[in-house]
Number of protein chains: 2
Amino acid sequence: MDIWKKFEENNITHSAAHHLLAILELKEKRGYARVTDVARELNITTGSASINLKSLKAKNLIVEDDNKFLALSDEGEAVARAVLMRKNILYSFLANILKVKPEQAEIDSCKTEHLISAETAKKLQEFMERYEETKGA
Amino acid sequence: MDIWKKFEENNITHSAAHHLLAILELKEKRGYARVTDVARELNITTGSASINLKSLKAKNLIVEDDNKFLALSDEGEAVARAVLMRKNILYSFLANILKVKPEQAEIDSCKTEHLISAETAKKLQEFMERYEETKGA
DNA sequence: AGCGAACGTTTGACATACATAACATTATTT
DNA sequence: AAATAATGTTATGTATGTCAAACGTTCGCT
């Protein structure tokens, strides 16, 4: 019933996913992530980032130390890595198999990375493995 | 720059797409579509439908006759049919090629139908045609 | 110590998209 | 014609997500 409404029923919104990804990337790239860093990374104002990150803290996806440095919780990191993996699978399928132009493949995989189900992601990956094999090195 | 922000930059929102699809379906199935019919089809209140449809009228995707019967404009129909086509391509790829469970394929294709680019849709379709051929009837 | 920059939060505004509920209008039914 | 039902619109409220601008705190430099 009401399959179309499931669009709203995501564990995570597109915006939230990218806040988590920003922290993941910042931590790996620079070792730390603050509100300002996330805002710069996402090219939004610190006001927006502050509010958005607050709700992610409330959901226990992000933790903050006494110096206001941000980190992903275990759950947050799991979510971020899952999204990242899906995006990579999608991008790879679009760019390498369908031969969609890199720029467009980037956009399309970014738009859908947080929306596809675990089942679809898994089956797409398996499909690509078989496909590469068949194509034969 | 800011590829992740392109999520918002769609011609049409998920919600709007389904309002158009509802009208398309109602017209084909019953010959007419009013605010109430759309609300029932989408399982939202008539209040919400009224407001949502108003903005689609403002964008000239929907026209209304003097009896408040709704129809898609040429542009609205083009948008609706494009979305429908993408959904069918996606569903077919997920269900028939990846063997994603029908229920899940339905959900995933519905979530992404309005997000994938024309290029990706076209190339996915071509890929499937080649794939079916290769599989050879 | 004090000044200014950087940082973070809060406020108020806007846009989308949903809900309820009250209200007006139009149709049906007796 | 009057009562009831169906239809449609218009508040009002919620939630997300953006902005700009004001505010306070904290940090660094002189």
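In what follows, chains carry the letters A, B, and so on, assigned in the order in which the sequence lines appear, proteins first and then strands, with residues in each chain numbered from 1. Only this structure's heavy atoms are used, side chains among them; waters, hydrogens and symmetry mates stay out.
Here the shortest heavy-atom pairing between S109(B) and L94(B) reads N-CD1, 4.1 Å.
Counting to the nearest Å, the P atom of dG8(C) and the CG atom of L56(A) are 16 Å from each other. One atom, CD1 of I12(B), and another, C1' of dT16(C), lie 13 Å apart when rounded to the nearest Å.
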Exercise. May I have the step-by-step check of ring-ring contact (aromatic ring centres under 6.0 Å, His included) for F93(A) and F93(B), ending in yes or no?
Key: CA-CA 12 Å; F93(A) 174 69; F93(B) 175 69; 5.1 Å; yes
Quiz item: Which parts of nucleotides 6-19 of chain D does protein reach within less than 4.0 Å, heavy atoms only, written one letter per nucleotide 5' to 3' as B for base, S for sugar-phosphate only and - for none?
Solution: -SSBB------SSB
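Under the 3.5 Å distance criterion, with hydrogens and angles disregarded, a donor-acceptor pair is assigned to the side chains of S117(B) and D108(A). Side-chain atoms of R34(B) and Y32(B) include no donor-acceptor pair closer than 3.5 Å.
Sorted by first and then second residue, the pairs that involve residues 18-27 of chain B and meet side-chain hydrogen bond (donor to acceptor under 3.5 Å, both in side chains), not counting sequence neighbours, are H18(B)-E113(B), H19(B)-N52(B).
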